[in-house]
2 protein chains.
Amino acid sequence: MDNREMILETALDLFYARGYDAVGVQEIVERSGVTKPTLYYYFKSKYGLLEQLLESRGEPFMERLHKACAYEGDLRNTLSAAAGELASFAKQEPKFYTLFLALYHSAKENEAYQAVRPLVIRLQQEIEQIFVSAAGILGNMHGRQRQFSLGFIGLILYDIKMKLEVNGGLRMTISQEEIHSLVHQFMHGIYS
Amino acid sequence: MDNREMILETALDLFYARGYDAVGVQEIVERSGVTKPTLYYYFKSKYGLLEQLLESRGEPFMERLHKACAYEGDLRNTLSAAAGELASFAKQEPKFYTLFLALYHSAKENEAYQAVRPLVIRLQQEIEQIFVSAAGILGNMHGRQRQFSLGFIGLILYDIKMKLEVNGGLRMTISQEEIHSLVHQFMHGIYS
DNA sequence: CTCATTCTATACCGTTCGGTATATTGTGTC
DNA sequence: GACACAATATACCGAACGGTATAGAATGAG
């Protein structure tokens with residue numbers, strides 16, 4: 001692993017464990033076996049490091065999610081596909097997933113929240129687009145696509161986080177059945 | 001307002017806006033119109049300030065929640081009472097509610113997460129106790145009280161946060177109907 | 001071999017960090 | 001008026017913060 005990747009990996013470990021603000025640049029470079037100028041050569045600043053970390057780990061996932069969110073006439077199946085993609089991603093990258101969630105809920109005027117916003121917005125757009133596509137069929141959304149998508153995201157993200165925690169990080173399993181059950185639970189609220 | 005309360009209020013504002021780690025003691029005392037030794041006289045350390053902030057604002061709420069969670073034979077009504085209490089608290093203290101949620105999701109090895117744990121545990125216990133009490137009647141929980149309570153907490157907390165955000169912090173309204181609808185949505189997943 | 005470019009280390013910068021030793025100012029008690 | 005005690009300010013501490021000026025090593029191209 002080259003130095004750049006090593007720094008990214010170390011930063012992920014540390015930000016995950018203690019948070020962006022509580023981790024110093026010095027500690028990152030020491031654990032990575034490099035010195036400060038190396039970090040600043042690749043990332044320009046501590047904030048740049050966080051940005052590139054979020055982009056390098058988030059981009060591949062966003063592409064997979066985009067494909068999974070392609071609406072094909074059935075809202076339930078599409079939501080299940082999206083939720084399944086989120087779950088499999090969380091299983092593959094539990095630390096990044098947890099870090100993402102922490103940043104998602106962090107203070108709005110904090111640097112770290114600004115850095116994660118692009119990813120959050122894209123996630124919201126992908127999910128919201130599902131409901132927009134389904135509006136033609138459902139017909140009764142009355143412009144509540146945003147509300148529905150936010151609620152769906154919150155439900156799924158939190159459920160996955162809980163399942164990650166009770167299994168101690170690794171070994172998380174989330175079956176197709178559980179996904180369908182969650183989606184069913186969510187949709188029942190919509191239709192009633 | 002005396003100096004101690006002034007410091008607490010300022011700390012809440014700043015921690016809410018930018019997060020515990022990103023705010024320095026210097027800024028807190030400047031905005032409070034006092035000097036550092038005054039802060040350290042009352043709170044002993046920055047961490048102590050956070051602890052006392054969480055306790056002073058969290059304790060009154062926990063007491064109200066405890067009463068609301070008293071199980072009286074009907075799971076739906078009890079859950080609605082608990083959720084309603086959470087909602088009214090969020091409406092009264094939106095900044096503290098949001099700060100609590102941010103800390104709840106922050107990195108586990110971070111100081112701030114350690115500080116909020118007592119409150120988190122008590123919240124979980126209150127909610128879990130509802131399901132434990134209901135177990136005699138439901139009978140089919142198979143020791144899943146913890147899982148149910150965590151899921152319920154996640155659903156309610158996130159829903160309230162969303163409603164806070166779309167209304168720009170103040171002017172949040174969450175009707176009794178919405179509460180009942182949420183609880184219904186949650187329970188349908190349990191019974192099915 | 002030479003030169004440009006990429007990458008990395010030594011050593012340092014000013015600033016801010018959380019925290020404190022010491023002294024002074026109320027304020028009510030005896 | 002003397003005393004105790006709570007509350008506050010001045011001035012300072014060493015350490016850690018994010019960041020950088022400068023120079024040296026490595027690498028491939030001509």
Side-chain angles (χ1 to χ4, degrees), chain A residues 1-56 99 102-103 106-107 109-117, chain B residues 1-56 99 102-103 106-107 109-117:
Chain A
M1 184 157 32
D2 66 0
N3 284 338
R4 196 187 116 93
E5 196 58 33
M6 188 76 202
I7 293 170
L8 283 172
E9 200 63 30
T10 308
L12 174 56
D13 285 351
L14 289 172
F15 292 163
Y16 158 78
R18 301 214 309 279
Y20 173 75
D21 288 307
V23 174
V25 171
Q26 191 66 46
E27 186 175 357
I28 297 174
V29 298
E30 275 169 13
R31 285 218 206 182
S32 304
V34 298
T35 54
K36 274 206 220 175
T38 301
L39 186 149
Y40 281 89
Y41 172 76
Y42 288 115
F43 304 104
K44 205 191 104 184
S45 68
K46 186 189 178 186
Y47 182 74
L49 168 59
L50 178 61
E51 279 183 317
Q52 291 193 38
L53 174 62
L54 291 172
E55 203 204 321
S56 69
L99 173 61
L103 297 179
S106 67
E109 291 172 30
N110 188 302
E111 258 188 5
Y113 181 75
Q114 305 300 326
V116 86
R117 276 213 64 181
Chain B
M1 184 159 31
D2 65 0
N3 283 338
R4 195 187 118 94
E5 197 57 34
M6 188 75 202
I7 293 170
L8 284 172
E9 200 62 32
T10 307
L12 174 56
D13 285 351
L14 288 172
F15 292 163
Y16 158 79
R18 301 213 310 278
Y20 173 75
D21 288 306
V23 174
V25 171
Q26 191 66 47
E27 187 175 356
I28 297 174
V29 297
E30 275 169 13
R31 284 220 205 180
S32 304
V34 298
T35 55
K36 275 206 223 175
T38 300
L39 186 150
Y40 283 88
Y41 172 77
Y42 287 115
F43 305 104
K44 206 191 101 185
S45 68
K46 185 189 178 186
Y47 182 74
L49 167 59
L50 178 62
E51 280 184 317
Q52 291 192 38
L53 174 62
L54 290 172
E55 204 205 320
S56 70
L99 173 62
L103 298 179
S106 67
E109 291 171 31
N110 188 302
E111 258 188 7
Y113 181 76
Q114 305 300 326
V116 87
R117 275 213 65 183

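These numbers come from a predicted model, not from an experiment. In what follows, every chain begins at residue 1, and chains take the letters A, B, ... in the order their sequences are listed.
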Review point. Taking all non-hydrogen atoms of both residues, which atom of A17(B) and which atom of A107(A) are closest, and how far apart?
Key: O-CB, 3.2 Å

Point to revise | Nearest atoms (heavy-atom pairs only) where S106(A) meets A102(B) | key: CA-CB, 4.4 Å

Point to revise | Euclidean distance, atom NZ of residue K36(B) to atom P of dC13(D) [Å, nearest integer] | key: 13 Å

Exercise for review: For V23(B), answer base if it contacts any base atom (sugar-phosphate contacts may also be present), sugar-phosphate if it contacts only those atoms, and nothing otherwise; contact means non-hydrogen atoms under 4.0 Å.
Suggested key: sugar-phosphate

Collect all protein-nucleotide pairs involving nucleotides 6-8 of chain D in which both atoms are nitrogen or oxygen and the distance is under 3.5 Å.
unit_1 : atom_1 : unit_2 : atom_2 : d
dA7(D) : OP2    : Y41(B) : OH     : 2.4
dT8(D) : OP1    : N3(B)  : ND2    : 2.4
dT8(D) : OP2    : Y42(B) : OH     : 2.6
dT8(D) : O5'    : N3(B)  : ND2    : 3.4

Review point. Would you call L12(A) and L53(A) a side-chain contact if the rule is heavy atoms closer than 4.5 Å?
Key: yes

Practice item. Side-chain contact test, heavy atoms from C-beta onward, threshold under 4.5 Å: evaluate it for F15(B) versus L103(B) and give yes or no. Key: no

**Study point:** Close approaches to DNA chain C from residues 5-18 of chain A, in residue order (heavy atom, under 4.0 Å)
**Key:** none

Quick check for you: to the nearest 0.5 Å, what is the distance between [X] atom [atom1] and [Y] atom [atom2]?
X	Y	atom1	atom2	answer
L50(A)	F43(A)	CG	CZ	11.0 Å
L54(A)	L8(A)	CG	CG	10.0 Å
M1(B)	I7(B)	CE	CD1	11.0 Å

Exercise for review: With sequence neighbours excluded, give me every salt bridge (Lys or Arg N to Asp or Glu O under 4.0 Å) pair touching residues 36-54 of chain B.
Suggested key: none

Revision key, fill the gap. Nt span of DNA chain C in reach of chain A heavy atoms at under 4.0 Å, 5' end first, is dT6(C) to dT10(C)

Practice item. With sequence neighbours excluded, tell me which residues meet side-chain contact (heavy atoms from CB on, under 4.5 Å) with T35(B). Key: P37(B), T38(B)

Review point. Between G33(B) and D21(A), which is nearer to the 5' end of DNA chain D once each is assigned its nearest nucleotide?
Key: G33(B)

Review point. Do any pairs count as a side-chain hydrogen bond (donor to acceptor under 3.5 Å, both in side chains) and have a residue in residues 3-25 of chain A, sequence neighbours left out, and if so which ones?
Key: R4(A)-Q52(A), E5(A)-R57(A), E9(A)-R57(A), T10(A)-S32(A), D13(A)-K95(A), R18(A)-E27(A), Y20(A)-E111(A), D21(A)-N110(A)

